[in-house]
Amino acid sequence: MTNNNQIIEFCELVEKRSEENKSAVELLFPQEMYGQVISILRQELDSMVRCIYLLHQDQTERIRLINRTFNGERWREENNRLITDRKMVDLSNELKGWTNSVYKFGCGFIHLSNYHNPENNDPFQDLPAIERQNIKQFMNGYHQFDLDEDLNFSNVKPYLHKVFIKIYDNLKCYVNDLKEDKNYPQKWL
């Protein structure tokens with residue numbers, strides 16, 4: 001399999017997951033299954049940060065990491081050090097400025113936690129004030145969230161579908177950049 005075929009196959013894998021995630025969100029959101037929507041949102045973000053990370057690699061490293069995906073192996077650097085979600089999220093956060101908050105928030109809905117009862121324990125209250133402010137700014141900038149509103153689960157629920165679509169649309173752009181074999185500056189690594 002040529003390098004280009006491997007990249008295309010990887011992109012198809014990401015696109016399949018993304019389309020399935022979108023279908024699931026469109027079923028779950030009207031049913032008010034917000035915890036599941038957030039879990040899927042987190043999965044979509046996982047795909048996005050991986051694509052961003054690959055776009056910052058040279059062709060050889062990109063193919064090496066894609067092959068690790070196909071072989072069911074975790075991504076590791078050449079020196080065998082694990083490429084952590086934290087490293088990929090930090091890189092993405094430098095570019096986007098909001099991925100860290102969404103990623104961390106979404107993790108609380110993937111792992112069994114007190115976030116699964118948000119009516120009794122609002123997950124936003126566990127975040128530092130600066131992070132809550134950052135989320136409000138993001139929500140306002142992209143989704144017209146009223147900055148005078150409290151940032152709480154009840155006020156954010158109506159925006160979850162829009163947040164998912166924002167990530168979904170961004171991911172499509174990154175996948176297209178991978179297909180076109182673009183490289184982003186490596187200064188963030």
Side-chain angles (χ1 to χ4, degrees), residues 7 10-11 13-15 17-18 21 25 35-116 118 121-139 141-142 151 153 156 160 163-164 166-175 177-178 182-189:
I7 291 171
F10 178 83
C11 290
L13 182 75
V14 172
E15 290 170 328
R17 180 187 195 194
S18 184
N21 284 345
V25 166
Q36 293 304 310
V37 169
I38 292 170
S39 294
I40 293 167
L41 191 148
R42 164 54 174 75
Q43 288 177 30
E44 194 76 355
L45 192 58
D46 179 74
S47 294
M48 189 181 90
V49 299
R50 288 178 185 282
C51 287
I52 290 170
Y53 191 82
L54 287 173
L55 285 162
H56 283 82
Q57 306 305 311
D58 65 29
Q59 178 81 358
T60 302
E61 181 65 359
R62 188 178 291 178
I63 295 302
R64 191 183 72 76
L65 292 172
I66 285 172
N67 283 331
R68 290 189 72 86
T69 298
F70 292 147
N71 292 329
E73 300 169 342
R74 296 188 69 185
W75 286 8
R76 293 187 175 277
E77 296 174 352
E78 283 290 333
N79 63 11
N80 209 29
R81 183 179 299 141
L82 187 65
I83 299 171
T84 62
D85 287 354
R86 169 63 31 217
K87 181 173 184 165
M88 291 184 282
V89 168
D90 286 349
L91 171 64
S92 179
N93 198 60
E94 286 184 37
L95 303 173
K96 290 292 185 186
W98 51 264
T99 53
N100 188 47
S101 297
V102 175
Y103 195 90
K104 188 161 61 170
F105 182 70
C107 284
F109 286 89
I110 287 181
H111 308 294
L112 183 59
S113 71
N114 57 351
Y115 285 15
H116 288 92
N121 185 29
D122 193 301
F124 288 101
Q125 301 316 304
D126 291 343
L127 299 175
I130 188 71
E131 218 166 306
R132 287 194 309 272
Q133 186 60 34
N134 289 343
I135 292 172
K136 276 178 81 167
Q137 292 294 333
F138 157 74
M139 295 287 291
Y142 288 104
L151 185 70
F153 193 74
V156 169
L160 291 176
V163 171
F164 175 83
K166 177 69 176 160
I167 296 168
Y168 170 87
D169 287 343
N170 283 343
L171 176 58
K172 285 173 84 170
C173 292
Y174 294 123
V175 168
D177 284 353
L178 279 172
K182 291 185 179 177
N183 278 84
Y184 291 5
Q186 293 191 356
K187 67 180 182 179
W188 288 289
L189 294 176

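Residue numbers run from 1 in the order of the sequence given.
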Hey, does Trp75 have a side-chain heavy atom less than 4.5 Å from the side chain of Thr69? yes
CD on Gln133 to CD on Gln137, rounded to 0.5 Å: 5.0 Å
Smallest heavy-atom separation, Tyr168 atom then Ser18 atom, equals CD1-OG, 3.2 Å
Arg42 side, atom CZ; Leu45 side, atom CG - distance, nearest 0.5 Å: 7.5 Å
Closest approach of Arg81 to Asn79 (non-hydrogen atoms, all atoms of both residues): N-OD1, 2.9 Å
In short, Leu151 meets Arg132 closest at the heavy-atom pair CD2-O, 3.3 Å
Which distance, rounded to the nearest 0.5 Å, do you find between the CZ of Phe153 and the CD of Gln125? 12.5 Å
Partners of Asp177 by side-chain hydrogen bond (donor to acceptor under 3.5 Å, both in side chains), sequence neighbours excluded? Lys182, Tyr184
Report the distance from atom CD1 of Ile83 to atom CZ of Arg68, rounding to the nearest 0.5 Å. 8.0 Å
May I ask you to test the Val49-Asp85 pair for a side-chain heavy-atom distance under 4.5 Å? no
For the SG atom of Cys11 and the CG atom of Leu54, what is their distance to the nearest 0.5 Å? 8.5 Å
To the nearest 0.5 Å, what is the distance between CG on Asp46 and CE on Met88? 6.5 Å
Met139 to Val156 - nearest heavy-atom pair and separation: CE-CG1, 4.3 Å
Any non-hydrogen side-chain atom of Met48 less than 4.5 Å from a side-chain atom of Val14? no
Do Leu65 and Arg50 have side chains that approach each other closer than 4.5 Å (heavy atoms only, starting at C-beta)? no
Please check if the side chain of Glu44 supplies one atom and the backbone of Ile40 the other of a donor-acceptor pair under 3.5 Å. no
Going by the rule side-chain hydrogen bond (donor to acceptor under 3.5 Å, both in side chains), which residues pair with Glu15 if we only count those two or more places apart in sequence or in a different chain? Lys179
